Each structure stands twice: as structure tokens, then as C-alpha cells.
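Not measured: the values here are computed from a predicted model.
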Amino acid sequence: SAKGAAYLEQGRQLSKGNPFLQSVYFFYLGNFQSISNLEFSASSFMKADSLLKKFSTKEAFVFRSKVWHNYGAIQQMKDDNEYFADILLEKAIPFAIKGGDSVYLGKNYFDLGLAFTNTLQFAKAEDVWQKAIQIFNKVNAPKEHLMDVYNLSAQNYIELKDMNRAQAMLDSSAALLKPYPESQYYLDYYASQGMFFNAQGKFSKAHESIDKGITLSKKLNQPYREQRILLQKFFAFYGEKKFDRGKEVLLTLMNSQPFI
């Protein structure tokens, strides 16, 4: 936005004479441009890192972790999950460790798990997501971080056909969600629970979870999450051999905006 650009320029002017703040300016510039100009954003992140190399403070290391994480996220937007994973392992995670930012370290492990699942490396994802869970619990991280990793870890265990651990992840997520009955994170929980029941052929239970998720997603106006839940609805009908009803769900998904 114009207001955002004005604040950014004001920050640049105020940073004159302070080399560290000038370095950090390019990090924020990269974030600002990441919506409209990925290449410019990537070059801004690399400029920030080149300037931050001069500093050996914990704050500088945390910024370098964020710089590399966000640079890697751009590569992921280009469907290069392997490069993103390499950047996280070789740059973002080591800098987060050196900077002593445990919550951001956990976030990097969480995103590394996503990169692994996107490339069907489910066993690797299991390992790093367990690290993320341990870190988030140890430092009393925001509950939202744990909700995310519990729900996705449940799906990952389903892919690994480890239903006992998948159930444990779902139970952990449900315990955190209980005080917040209309949380948007319940939508991911219902999608994961629907997948869990579908994988076991318990289609009536899958429909029950899925329908709760669809109702809540409409109430919260979360069309993307609704589509993810509807996909499990399709799999439930397909498993029941109700192909006509499955086709209806698939057509609904194909006509949805935004389409997953």
C-alpha cells in the first residue's frame, strides 16, 4: 500500500548513519515487495544479508535467519521445495540457533516439515516436526504454532500409516482447541480428522467431522480451508463408491474461487 511504502521510506531516512538499521531496512523492503515483485524482493533479501554479515550480535543472526527463510519462501513459491529445504537447513536454522530465538527456530523446523511433505518425504517431515513440537512446548510458544504442527503432523502420520501417532496428534490438537470452539484452527483439525477416518474406511465418522468443518468454514468465511475439507468429502464418497455424489463435490471444488 501507499501508506506502507511511505512508512518504509521514512524508516530508510531515519536509518541513515546507523549501518545496522540500514541493513535491516533491506529486509523489510524485501518483505514489502514480496507480494508484487518476487525478483526484486529476493535481491533485497540478499542485499540485507550481505550488509548483516558485518555484525555478530544475536539480533543480527536472527535477522539473517529471517532473511534466508523469506528468500527460501520465494523459491518455494516457484515450486522449488528442495531448494527451500536446503536454505532452511544450511542458513535459516543455523542462524536462528546462533541468535537464540527458539520460537523462530521452531517455525523454521515447521516450514522444513512442510517442504518435506510437499516432496513426499514423510519420514523426514516426522523428524523435524517432532523437533518443532519439543521446542514450542519448551518455550511456551503461542498455541497457534502448536495447533498448526499437531494438525499437519497428524496428516503426516496418516501418510506413514501410523494411526496411533496420528490419533495422538489429533488428541493434542483437540485439547488446545477445546476452549476456542470457533477457532479457524478447528478447520484444519476437522480436515485432518476427516482424513484420519477416511484412511481407516470409517466413512460415516469422516462425514461427521467433515460436515462440522464445512459448517464452521462457512460461518468464518474461510473458502480455502472449506475446499480442503471438501476434498476429504470427495474421498469419503469415493471410498463409499458413491461416485455420483463424489462427482458433485469435485465439480463444486473445480468451480470454487480460489481453487486449491
Inset, instruction - Could you go through the side chain to side chain contact (heavy atoms under 4.5 Å, CB included) check for D80 and Q76 one step at a time? - result: CA-CA 5 Å; D80 197 341; Q76 187 183 44; over 6 Å; no
Could you check if a side-chain atom of [X] sits within less than 4.5 angstrom of a side-chain atom of [Y], using non-hydrogen atoms only?
X: V103; Y: K107; result: no
X: K143; Y: Y180; result: yes
X: F84; Y: D111; result: yes
X: S153; Y: Q130; result: yes
X: S41; Y: I74; result: yes
X: Y190; Y: I214; result: no
X: E126; Y: R165; result: yes
X: F196; Y: M169; result: no

Looking at [atom1] of [X] and [atom2] of [Y], how far apart are the two atoms once the value is rounded to the nearest 0.5 Å?
X: L29; Y: F27; atom1: CG; atom2: CZ; answer: 11.0 Å
X: I210; Y: N198; atom1: CD1; atom2: CG; answer: 5.0 Å
X: L105; Y: S65; atom1: CG; atom2: OG; answer: 8.0 Å
X: L52; Y: E59; atom1: CG; atom2: CD; answer: 9.5 Å
X: D188; Y: D148; atom1: CG; atom2: CG; answer: 6.5 Å
X: D127; Y: Q121; atom1: CG; atom2: CD; answer: 12.0 Å

Any salt bridge linking [X] with [Y]? Criterion: basic side-chain nitrogen under 4.0 Å from a carboxylate oxygen.
X: R245; Y: E240; answer: no
X: D244; Y: K247; answer: no
X: K58; Y: D101; answer: no

Legend entry - Stepwise side chain to side chain contact (heavy atoms under 4.5 Å, CB included) check, Y71 with M46: CA-CA 8 Å; Y71 176 79; M46 291 299 92; 3.6 Å; yes
Looking at [X] and [Y], would you say the former's side chain and the latter's main chain have a donor-acceptor pair under 3.5 Å?
X: S173; Y: L170; value: no
X: S192; Y: N151; value: yes
X: N137; Y: I133; value: yes
X: N108; Y: Y104; value: yes
X: T57; Y: A60; value: yes
X: W129; Y: V149; value: no
X: N255; Y: L251; value: yes
X: E159; Y: Q155; value: no

Inset, instruction - Name all pairs fulfilling the ring pair (Phe, Tyr, Trp, His ring centres under 6.0 Å) condition that reach into residues 39-61, sequence neighbours left out, sorted by first residue then second. - result: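 The answer is F20-F55.
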Legend entry - Sequence neighbours excluded, every pair satisfying ring pair (Phe, Tyr, Trp, His ring centres under 6.0 Å) that has a member inside residues 202-223: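 Of all non-adjacent pairs touching residues 202-223, those that pass ring pair (Phe, Tyr, Trp, His ring centres under 6.0 Å) are H207-F237.
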Inset, instruction - Run through K219, K218, R225, E226 and flag the one making a side-chain hydrogen bond (donor to acceptor under 3.5 Å, both in side chains) with Q222. - result: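 That would be R225; it is the only one of K219, K218, R225, E226 passing the side-chain hydrogen bond (donor to acceptor under 3.5 Å, both in side chains) with Q222.
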Legend entry - Set of residues satisfying ring-ring contact (aromatic ring centres under 6.0 Å, His included) with respect to Y25, sequence neighbours excluded: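 Y25 satisfies ring-ring contact (aromatic ring centres under 6.0 Å, His included) with no other residue.
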Consider only side-chain heavy atoms of I, L, V, M, F, W and Y, link residues closer than 4.5 Å, and tell whether [X] and [Y] are in one cluster.
X: F95; Y: V24; result: yes
X: L114; Y: M195; result: yes
X: Y189; Y: L216; result: yes

Within a reach of under 6.0 Å around [atom1] of [X], are more than 12 heavy atoms found that belong to other residues, nucleotides or ligands?
X: E82; atom1: CD; result: no
X: K78; atom1: NZ; result: yes
X: Y28; atom1: OH; result: no

Nearest heavy-atom pair of [X] and [Y]: which atoms, and what distance?
X: A125; Y: T117; value: CB-CG2, 3.5 Å
X: A236; Y: A206; value: CB-CB, 4.5 Å
X: L160; Y: A123; value: CD2-N, 4.0 Å
X: I229; Y: L187; value: CD1-O, 3.7 Å
X: A48; Y: S23; value: CB-O, 3.6 Å
X: I158; Y: A166; value: CG1-CB, 3.8 Å

Inset, instruction - Give me the ring orientation class for F234 and Y238: parallel if the planes are under 30° apart, tilted from 30 to 60°, perpendicular past 60°. - result: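 Correct class here is tilted.
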Legend entry - side chain to side chain donor-acceptor pair (under 3.5 Å) assessment of D171 paired with Q167: CA-CA 6 Å; D171 290 345; Q167 181 68 71; 2.9 Å; yes
Inset, instruction - Quick one: do Y150 and F136 satisfy side chain to side chain contact (heavy atoms under 4.5 Å, CB included)? Show the steps, please. - result: CA-CA 11 Å; Y150 282 143; F136 288 150; over 6 Å; no
Legend entry - No-hydrogen, no-angle side-chain donor-acceptor test under 3.5 Å, Y186 and E182: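 Side chains of Y186 and E182: no pair found under 3.5 Å.
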Inset, instruction - Compute whether any side-chain donor of one residue and acceptor of the other, for N81 and T119, lie under 3.5 angstrom apart. - result: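 Judged by distance alone, the side chains do not pair up.
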Inset, instruction - Could you give me the CA-CA distance, side-chain angles and deciding distance for F122 and F116, then say whether side chain to side chain contact (heavy atoms under 4.5 Å, CB included) is met? - result: CA-CA 6 Å; F122 302 115; F116 284 145; over 6 Å; no
